[in-house]
Number of protein chains: 4
Amino acid sequence: MSREEKARATLDSLLNAGCAVVAAEGYSDASVAKIADLAGVAHGTFYNYFEDRKALFNALLPYEGLRMREKIEQIARTAPPGVQREIVRFEAFLNYVIENEGFYRILYEAEIFAPEAHREHMDNIVNGYLGTFRRAMAENRIRRFDDQQLHCLIYQILGMRAYAAMQIHYAADQSEKLRIRDCSVEMYGLFFGQSLLQT
Amino acid sequence: MSREEKARATLDSLLNAGCAVVAAEGYSDASVAKIADLAGVAHGTFYNYFEDRKALFNALLPYEGLRMREKIEQIARTAPPGVQREIVRFEAFLNYVIENEGFYRILYEAEIFAPEAHREHMDNIVNGYLGTFRRAMAENRIRRFDDQQLHCLIYQILGMRAYAAMQIHYAADQSEKLRIRDCSVEMYGLFFGQSLLQT
Amino acid sequence: MSREEKARATLDSLLNAGCAVVAAEGYSDASVAKIADLAGVAHGTFYNYFEDRKALFNALLPYEGLRMREKIEQIARTAPPGVQREIVRFEAFLNYVIENEGFYRILYEAEIFAPEAHREHMDNIVNGYLGTFRRAMAENRIRRFDDQQLHCLIYQILGMRAYAAMQIHYAADQSEKLRIRDCSVEMYGLFFGQSLLQT
Amino acid sequence: MSREEKARATLDSLLNAGCAVVAAEGYSDASVAKIADLAGVAHGTFYNYFEDRKALFNALLPYEGLRMREKIEQIARTAPPGVQREIVRFEAFLNYVIENEGFYRILYEAEIFAPEAHREHMDNIVNGYLGTFRRAMAENRIRRFDDQQLHCLIYQILGMRAYAAMQIHYAADQSEKLRIRDCSVEMYGLFFGQSLLQT
DNA sequence: CATGAATGAGAATTCATTCAT
DNA sequence: GATGAATGAATTCTCATTCAT
């Protein structure tokens, strides 16, 4: 391995260790010592890669969040555009949460412990939806909304999926998670489908 | 003041100080020292009233959350039962968040820092909605759902209002908060109204 | 011991330990850990008495410096006022340095590590001299100087005694220290006596 | 550039960077990292030129101190030997301090952070004065002193100029610095001139 | 020689909690 | 029951130095 490759590997170790520790114990208990230990590097090495603890925290959500968004979009593209695709997107999100147990904490504690990253993550997602909705409006697939309305709409959509994820997260076992997922998708379709159609 | 009254006054001081400090700085930075100082008692006194720091945290949400729920229901009761009332409830919640700036933190950080209280708070609210919806179904005011569906529905409703609150919380100024509130209520009505009616 | 007395005793322990450690190793190597250990208290206790490490450093010079100034003035008062007394004062200072080995570091490193305290210490001493010289001028015991001149004069006097102290501090052994002291006093008299007299 | 020239250039970079950083932040905060960065070399390169951090510190004072002594002597040679020349020397020193703001720290913190270099610097200066005074005595320009007396005399002279420099260093602005300089020279002449003449 | 990532000992500081008064 | 000094484990972060490339 070249020097550069090694550095990249160390950075990845730290990011992965960061994710693992935060997933397991939350940001609050994710000490630099634990993360460095798990990454297999000296404590000081941490600070060669991150300004401080907060900097790692702010790097976690982009690192994991991008992975999630890509996975979801990849699946979403298999569905026909429009309401149908949005429902697939919702389901894909819930599946991601089910399959990546720890992601829930990384994402939902970020508002508190990695506010910059959280804001950016939110903005990214909101912007993605803005584009989707504007296209849909342009093509007359949904009714018209002004920008303010679109923003409020999107936040409420995000709230639905966030709280569906919460419900799943706190479910007792795997089969309950799956049941909640299916039922949430159904309810989401109910809410979502009828409300946005042309009148 | 009798001994008992004095004790109750001290307890209240601590709870109020706890709310104030958490509202201002978040649970994470709400040290026992700060809370005791603000309450005007010695640090040691804190432990005569709470097992430990976590115990106070878990007491905060019931203390403030009840106040909120009462305020909201009081307003909700002025509206005719059914979809209309639920929309009023939603608006009342957003108004509460606007008027009680610090409450947002007490509530939304509780999932992390006061998980027991948060769970109970959620259960209380969910149960409230369960009753409301069951009555509405019994009276044929809304379509029928089974229990699983009701739970999922309610979580999504809570998600909407939580994220509308988030949007308001991060709004730049008061007038923007009010605009978001009004627009969110409108969107909520859109989602909510059409989806639940009898088909 | 009452609670208050105990607190005072702890504070004294810390101040004395601070002096001892700084005297032995210099401010630079005087860690809070070493000082607390020597004082026989927990590390955290240190911070019940001092804002931070710098605060202790700034407390050291007043603590020791006052002791020195009192000792010197007590001796100086035994001499007749005027040039004679000033020479006694100079000698008393050198004796203090000889007898209080560690004081040299506390005093001369303070310019770097406890700048506020050093500034105040200097001002105190300068003001003391200002008074002395103004009285002497008023009584026609020395020639006249304006304020600017007095300040410059005093700084040079302080430089003499500081560097005489330095010479003593680095002397190989006790007898050499004493020789340097006596000789410095003699030279000081030479410089000092002739220059200030009325012309 | 030959290999040797390049090495010399790197060494100079490090020495100049060392001076700059110490002048700006003091020895205490002059980390190897800052110095190497400013010199434009890798951290590891530092250790090809200096055993350790202390070694650089001990190199700084000779590097800058020599420059100062040469400058001063060059000016001093323009004055007639004797008391007159010594006063010019004193003034030249104060001017050097005024013109080389950062030098004050390099010089006066050296006693603590570069004790070997400081000792040598002092010895060099003391020896310079010893020669001067011995010549002056041989030529009957000043009264006679034995070696011990000469040493004490010289230390007190050095003290005067050091503290005059301190007074200047802490002066509020440039014009005050100049006033203090002029007044200090005057007072120095008073002390110095009358005391050393033949009696 | 130059590089710069890795090291790890050690520094300052915080704070929940205890307990003698 | 109230007090507040004492505790000490834990945390974040720094930096001189090393050494494989």
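Residue numbering restarts at 1 for every chain, and letters A, B, ... go by the order of the sequence lines.
Counting heavy atoms from C-beta outward, B:E116 and B:E120 have side chains that stay 4.5 Å or more apart. Between D:L11 and D:R8, the closest side-chain pair of non-hydrogen atoms falls below 4.5 Å. Annotation: side chain of D:K54 is in contact with side chain of D:P115 (closest heavy-atom distance under 4.5 Å). Side chains of A:D29 and A:K34 form a contact here, defined as non-hydrogen atoms less than 4.5 Å apart. With a 4.5 Å cut-off on side-chain heavy atoms, C:H118 and C:M122 count as touching.
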Just the dot-bracket of DNA chain F, please: which string comes out with Watson-Crick or G-U pairs under 3.5 Å, [ ] for crossing, | for another strand? .||||||||||||||||||||
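Checking A:V21, A:V32, A:L15 one by one against A:L56, the side chain to side chain contact (heavy atoms under 4.5 Å, CB included) holds for a single residue, A:L15.
Within residues 10-21 of chain D, no residue has any heavy atom under 4.0 Å from DNA chain F. Within a heavy-atom distance below 4.0 Å of DNA chain F, the residues of residues 31-61 of chain B found are B:V41, B:A42, B:H43, B:G44, B:T45, B:N48, B:Y49.
Relative to the six-membered ring of D:F50, D:R53 misses at least one condition, a distance below 6.0 Å or an angle of at most 45° to the axis.
Under the rule for a side-chain contact (heavy atoms from CB on, under 4.5 Å), the partners of D:A7 that lie at least two apart in sequence or sit in another chain are D:Y49. Residues passing the ring-ring contact (aromatic ring centres under 6.0 Å, His included) test with B:H169 are B:Y104, sequence neighbours excluded.
Pairing each heavy atom of B:I35 with each of B:L14, the nearest pair is CG2-O, 3.8 Å. Scanning both residues, A:V97 and A:A165, for their nearest heavy atoms gives CG2-CB, 4.0 Å.
Position along DNA chain F of the nearest nucleotide to A:S28 versus A:K6 favours A:S28 as the more 5'-ward residue. The nearest heavy atom of DNA chain F to B:R3 and to A:S2 marks one nucleotide each, and the one closer to the 5' end goes with B:R3.
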Derivation of the side chain to side chain contact (heavy atoms under 4.5 Å, CB included) call for B:L107 and B:E64: CA-CA 9 Å; B:L107 180 52; B:E64 273 293 304; over 6 Å; no
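Between B:F113 and B:Y27, the two ring planes are parallel [angle under 30°; tilted spans 30° to 60°].
Close approach of DNA chain F to chain C, defined as any atom under 4.0 Å from a non-hydrogen atom of the protein, starts and stops at F:dT3 to F:dG8.
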